[in-house]
Each structure stands twice: as C-alpha cells, then as structure tokens.
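The block underneath contains the structure these notes are about, expressed in structure tokens.
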Amino acid sequence: MPRKVTKAIFPVAGLGTRFLPATKSVPKEIMTLVDRPLVQYAIDEARAAGIKEFIFVTSRGKGALEDYFDHAPVLEQELRKKGKDELLEVLKSTNMDSGAIAYIRQHKALGLGHAVWCARRLIGDEPFAVMLPDDVIAAEKPCLQQMVEAYEETGGNMVAAMEVAPEKTSSYGILDVKDSNDAVVSVKGMIEKPKSADAPSNLAVIGRYILSPSVLNNLNKRKQGAGGEIQLTDAIAEDIARDVPVYGYRFNGRRFDCGSKSGFLQATVAFALEREELRDDLMEYISTVVPSRSVAE
C-alpha cells in the first residue's frame, strides 16, 4: 500500500494579470466566489482529502494571502461579544494552526514545474499533492478526496483529467492513453500544450496532482519545455520513461477555470445558485436580464 498523502503544494506565485487592475493590490487567490476566496475552496478540498501540511509557493506582493490564514483576535472578540456565533465559526474555519502552513518564495516565474521544485525540501521523500486554486471543482465528493482513494489502490503518480474540445488542447497538458478502466486511465505519455493536430487525445490534465518524490528529482534538472518554462508535465513524463506508473483520473464534478474572467463569472453564478438564501433573488434577476438582452440584440 502506498504511503498516505498528507502534504500539498499550492503554487500561488502568479501575478494574475488577466484580472488587472484588481490584482494590482489584491492577490488573485483571495478574490471571492460569492463570499469565499478561491484559495479557501482549495484548502477545504485538501482538508477533506486528509492533507495536514499546506505549502504555499508565493511571490512578492502576496502578504494579504498570508494574512488571510492568520488569526484575527480583535474581529473574533467583536463577533463573540455581539453573539454572532455562526459568523465566528465561519471565521475560525479560515484559520491555520501554527506549523501547519509554510510559505516559500518563487523569485522568478519559470513555470509550474519550477514552483513545485521550490518546495522540494519541505516534501522530502514523501508522496505529495499539488493543487492549483485557479481550478475550482464543484463535486459531491471533493476531487482530491476521490483521487486519494483511487491512489491508495494504484500508487505511482496521478493527475486529474477531463476531456476538452480538440481546439483547446494547446492550452493544456494532454495525456497519451495506454488503457482505461472506468475512472482510472493508464498513461503512456504526456505532451504539454500540443496543437490539436499533434495531440494524442483530448484528455487534458487539470490542476490536481498526486506525485511521487521522484518527480522532484526530475525537476532538479531544470529542463525548459513548452514556452521556455520548466513544465511539471515533462517531469511526470520522465517517470513514465522509467516505468514508474502514471494514471489519469476522470473525476466526478464540474471544473471552473477561475484563471479566466469568464470562468470566474460562471463559477460565481453557479456557487451563488447553490446558496438557498441567494438563489431566488439571483434567478429572478437572471430571468429579467436575459430576455431584455435578447431584445436589445
């Protein structure tokens, strides 16, 4: 049986340029879907999967992200004094215990593989998860929990996977599939951002990974890949060449690309509609806006 996965890396060093000017002073990861920051969705998913140690790879200007996970004694005291127990519990769920969270600086934007490599000394020789907060996945059972349960049967390396339109393959790492058994797919190769004509499939890697420490050894070589960056998919593909098994996992759930404005807006509406106290007002508003837009067009 493979070792338990208790550590997760969260690469959050990006500048968030697609969301300027907001990200001039606000880290993209604490922009909110309804009333919870993107990163909180990732943390809650990780906790549900049994993650105990949270490693954030950050960059200059991310101080607000670090403050978000700190205790806020004055605010807690005020909520307690006013008897707002429900809000107090919500606030407490954002706190991280001392020693459970660590921050590593990525000084140069050299790619996702480089960001993961920056955390190597905190991983050691253990398997670990990588979670990209931009990918928010709505699922009855959290995506990483699904993957951890599958990983306990397979070991090796595992990546979350979903089918994308052929013309979108140039935006993703794409899997070359050996064989498939329902949700678990055996992988014989991975290509980063291929043109549709060169893509071996339309099964794309999404921002959830469970990786063996051998991937970190591969990243030590600092090889540049697509876009001149150090690609995580290239390091995983090296394991395939050494007969270390790699699996794709077709998760149950709906993924939102919150690294894009349209994906962020779609996620905001979808999560708002799941909230009983917001649903009716929002649906009423949507029902008035959509017809009027059609008439205007």
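Worth knowing before you read on, the calculation uses all heavy atoms, side chains too, and leaves out hydrogens, waters and symmetry mates.
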- Query: Cut-off 3.5 Å, side chains only: do Asn95 and Asp70 have a donor facing an acceptor?
  - Reply: no
- Item | Distance-only donor-acceptor check, side chains Asn202 and Glu167, under 3.5 Å | no
- Output all residues satisfying salt bridge (Lys or Arg N to Asp or Glu O under 4.0 Å) with Arg275, sequence neighbours left out; order by chain, then residue number. Asp35, Glu277
- Message: Can you list everything that forms a side chain to side chain contact (heavy atoms under 4.5 Å, CB included) with Ala197? Sequence neighbours excluded, please.
- Response: none
Heavy-atom closest pair, residues [X] and [Y]:
X      : Y      : result
Pro213 : Gly124 : CB-O, 3.7 Å
Pro200 : Leu175 : CG-O, 3.8 Å
Val12  : Pro133 : CG1-CG, 3.8 Å
Gly173 : Thr233 : CA-CG2, 4.3 Å
Ala13  : Ser59  : O-OG, 2.8 Å

Once you round to the nearest 0.5 Å, how far does [atom1] of [X] lie from [atom2] of [Y]?
X      : Y      : atom1 : atom2 : answer
Glu78  : Leu75  : CD    : CG    : 8.0 Å
Leu273 : Ile286 : CG    : CD1   : 5.0 Å
Asp125 : Arg120 : CG    : CZ    : 15.0 Å
Lys92  : Glu76  : NZ    : CD    : 6.5 Å

Do [X] and [Y] come within less than 4.5 Å of each other through their side chains, counting heavy atoms only?
X      : Y      : value
Met147 : Phe251 : no
Leu203 : Met162 : no
Leu65  : Val39  : yes
Lys141 : Glu149 : yes
Val215 : Trp117 : no
Ile30  : Leu38  : no
Val130 : Leu132 : yes
Val185 : Tyr247 : no

Under a single-linkage definition using a 4.5 Å side-chain heavy-atom cutoff for Ile, Leu, Val, Met, Phe, Trp and Tyr, are [X] and [Y] assigned to the same hydrophobic cluster?
X      : Y      : value
Tyr103 : Ile43  : yes
Val177 : Ile191 : no
Val184 : Ile174 : yes

- Query: So, do Tyr249 and Tyr151 have ring centers that fall under 6.0 Å from each other?
  - Reply: no
- Query: Is the ring centre of Phe56 less than 6.0 Å from the ring centre of Phe69?
  - Reply: yes
- Going by the angle between their ring planes, with limits at 30° and 60°, are Phe256 and Phe271 parallel, tilted or perpendicular? tilted
If you draw a 6.0 Å radius around [atom1] in [X], do more than 12 non-hydrogen atoms from other residues or ligands fall strictly inside?
X     : atom1 : result
Met96 : CE    : yes
Arg60 : CZ    : no
Gln77 : CD    : no

- Mind checking who shares a hydrophobic cluster with Val90, ILVMFWY linked at side-chain heavy-atom distances under 4.5 Å? none
- Message: Check whether Glu45 reaches the backbone of Leu144 with its side chain - one donor and one acceptor, N or O, closer than 3.5 Å.
- Response: yes
Sidechain N-carboxylate O distance under 4.0 Å for [X], [Y]:
X      : Y      : answer
Arg36  : Asp44  : yes
Lys4   : Glu126 : no
Asp134 : Lys28  : yes
Asp198 : Lys195 : no

- For side-chain contact (heavy atoms from CB on, under 4.5 Å), just list the numbers for Asp176 and Val187, CA-CA rounded to whole Å, side-chain angles, deciding distance to a tenth of an Å, and then say yes or no. CA-CA 6 Å; Asp176 190 358; Val187 176; 5.5 Å; no
With sequence neighbours left out, what residues match [X] under ring-ring contact (aromatic ring centres under 6.0 Å, His included)?
X      : answer
Phe128 : none
Tyr68  : none
Tyr172 : none

